[in-house]
Amino acid sequence: MYKQVNQKAWLLVLPVVVLVAFNAIIPLMTVVNYSVQETFGDNVFFWAGVDWFQQILNSPRFHDALLRQLLFSAIILAIEVPLGLIIALAMPRKGIGVSICLILMALPLLIPWNVVGAMWNIFALPEIGLLGKGLNNLGFDYNYTRQPVTAWFTTVLMDVWHWTSLVVLLCYAGLVSIPDDYYRAAKIDGASAWAVFRYIQLPKLKRVLTIAVLLRFMDSFMIYTEVKVLTGGGPGNATTFLSIDLDKMALGQFDLGPAAAMSLIYFLIILLLSWLFYTLMMRNEAQ
Amino acid sequence: MARITIDRLRHSYVSQPGKPEDWALKEMSLEWEDGGAYALLGPSGCGKTTLLNLISGLLRPTEGRILFDERDVSSVSPEERNIAQVFQFPVIYDTMTVYDNLAFPLRNRGVAPSEIDRRVREIGEMLDLGGSLTNRASGLTADGKQKISLGRGLVRSDVNVIMFDEPLTVIDPHLKWVLRSKLKELHHRVRRTMIYVTHDQTEALTFADKVVVMNNGEVVQVGTPIELFERPAHTFVGHFIGSPGMNVLPVALENGGISFMGSRIDAIEAARVDAAGGGRLELGVRPEFVSFAGTGGLPVEIGKVTDAGRFRIVEARHQDHLIRVLVPEGQEVPTGSAALGFEPTHTHLYRDGWLVA
């Protein structure tokens, strides 16, 4: 018996291959193409090998942006996850309050990202914004367009406002799925409110919290629109995160080669961290 | 350790109960002796879980009192009532070991570590969990988890009552039997009051010394398994307990006797019934106490015969009424037409559902 070679099957997967090719592989390969060549326009390319990669990996500018990015993600995780959990715990479990809270919580998530940036930009302006003017009237020297510290403060505050809701909604969904019997048993066992949190709620929320941390980390690591509109990466380079830096390099300076190399490095960092989170999550599942 | 008295208790989930349907639990008074094994038996939605939650303190009664010995505990928290409860789905603390799970209620009450260790090991041994005390509780099977739930009640030496809310629902059939006998054995060892809520008559009758049968929010009968079988106080008990359930036939007082569709039934003397009572009269007799009589019995047509191993269930018809007969192994079943006789001591008369004679 000979195995029938049937190449017609390829026709059936062709539509998917074309789709994936156009939205992922071709753009990605274009970037790879740019990252190993030098161009001065007019479609003239010179081979550059791994030069751009070496240049990016050794540049203090990239290191600084990466450090800022990591610091930003760490700060917002440290604030949004506990805060989201606390809000979810405090939310009502029945009655009209549930709908009101859920709608209030969902609102920031529904606002387009550039609108969030624009809102906070105006809200925090020291001369006319409610927040900026208010803080200055209270005696704080606040001007996010000139002071790096207040620029960071405003950026973090904006992200907390925008994204804590996501953690709240995830935690709330996790909390309401805990059966009543657990609380009853804890009452009968004489457990304190802290013990209920520590031994019932927290273990039952482990899965949603892992997802919340994962999502918030990934999203904050790729933050672009809101910061671009709010501070544009300034003052100076104070809030120039990786994506903003990439944007400056590619569209500000038109350094296509280094920008492409940086894109790939950025992409690989995200891929690596995603894989790391995923494996950790799966290992927890297996236990 | 206490005698539990339920004094004219009523409960409603509606804030302003008016209509009789508003009451999830109709007025009832009961006594539970210290150390007894009780079962609360009834169909789903009959109010048995409500009663259980009232005793445990998870609910406050709308009316009436609950006394532990002489103390009124109607508005006391579950923790202060010092009760234990095993729920339908096993409740365990996932992140703790079996040992820590069992120690948890004692630690919350500030018991000395040496005493905790002694109690936990003793109870672990009693529940056959001795070998897995250091394991994570989340890794256990459903029956192991349910044992932990029970163990958390048993470790507290001063618990007033241990309550079970359909605890075998999620247990595999072959393990149900094992756990049921384990429970019975434990009751003999510790002699705590135990209240077992179930809709399964086998579970109730094998576990309890006394069974409280509930229907539609009221207690219809309290009795030993034998009393429930031999003298059902209500036709509901007759239906609900026994397999197959009691035959209930509409009867009337005619010419100084009891007659069923025009046929005289001699098993019940009409003199035992107050003729002026009125109401709907019914005769109840279990299939176990119906037999084939010679002439003079109730004429019937024999229908379907089902073999149930040690006996056969015969469906006999008199006009449009079905009467089930239990025929022991080895006894012959007639075909076609036959006559039935009812055993007089086990034939009862009911008025509007309630036993009168």
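Residue numbering restarts at 1 for every chain, and letters A, B, ... go by the order of the sequence lines.
- When all heavy atoms of A:Ala186 and B:Tyr93 are compared, the closest pair comes out as CA-OH, 3.5 Å.
- Here the side chain of B:Arg109 pairs a donor or acceptor atom with the backbone of A:Asp189 at under 3.5 angstrom.
- Note that CD1 of A:Ile200 and CD1 of B:Ile92 are 11.0 Å apart. Values are rounded to the nearest 0.5 Å.
- Other residues, nucleotides and ligands place no more than 12 heavy atoms under 6.0 Å from the CZ atom of A:Phe140.
- Environment of CG in A:Leu110: crowded, with over 12 heavy atoms of neighbouring residues, nucleotides or ligands closer than 6.0 Å.
- Heavy atoms closer than 4.5 Å to chain A are found in both the backbone and the side chain of B:Ile83.
- Here the shortest heavy-atom pairing between B:Arg152 and A:Ala185 reads NH2-CB, 4.0 Å.
- Listed options A:Ala191, A:Pro203, A:Pro179 were ranked by heavy-atom pairs under 4.5 angstrom with chain B; first place goes to A:Ala191.
- The closest side-chain heavy-atom distance from B:Arg156 to A:Ile188 is below 4.5 Å.
- Classification of A:Lys204 and B:Asp94 as a salt-bridged pair holds, one side-chain N sitting under 4.0 Å from a carboxylate O.
- A ring-centre distance under 6.0 Å is not found for B:Phe87 and A:Tyr182.
- Taking CD of B:Gln85 as the start and NZ of A:Lys187 as the end, the distance is 11.0 Å to the nearest 0.5 Å.
- Separating the CG atom in B:Asn53 from the CZ atom in A:Arg184 is a distance of 5.0 Å, to the nearest 0.5 Å.
- Within 6.0 Å of the NZ atom in B:Lys176, the count of heavy atoms belonging to other residues, nucleotides or ligands exceeds 12.
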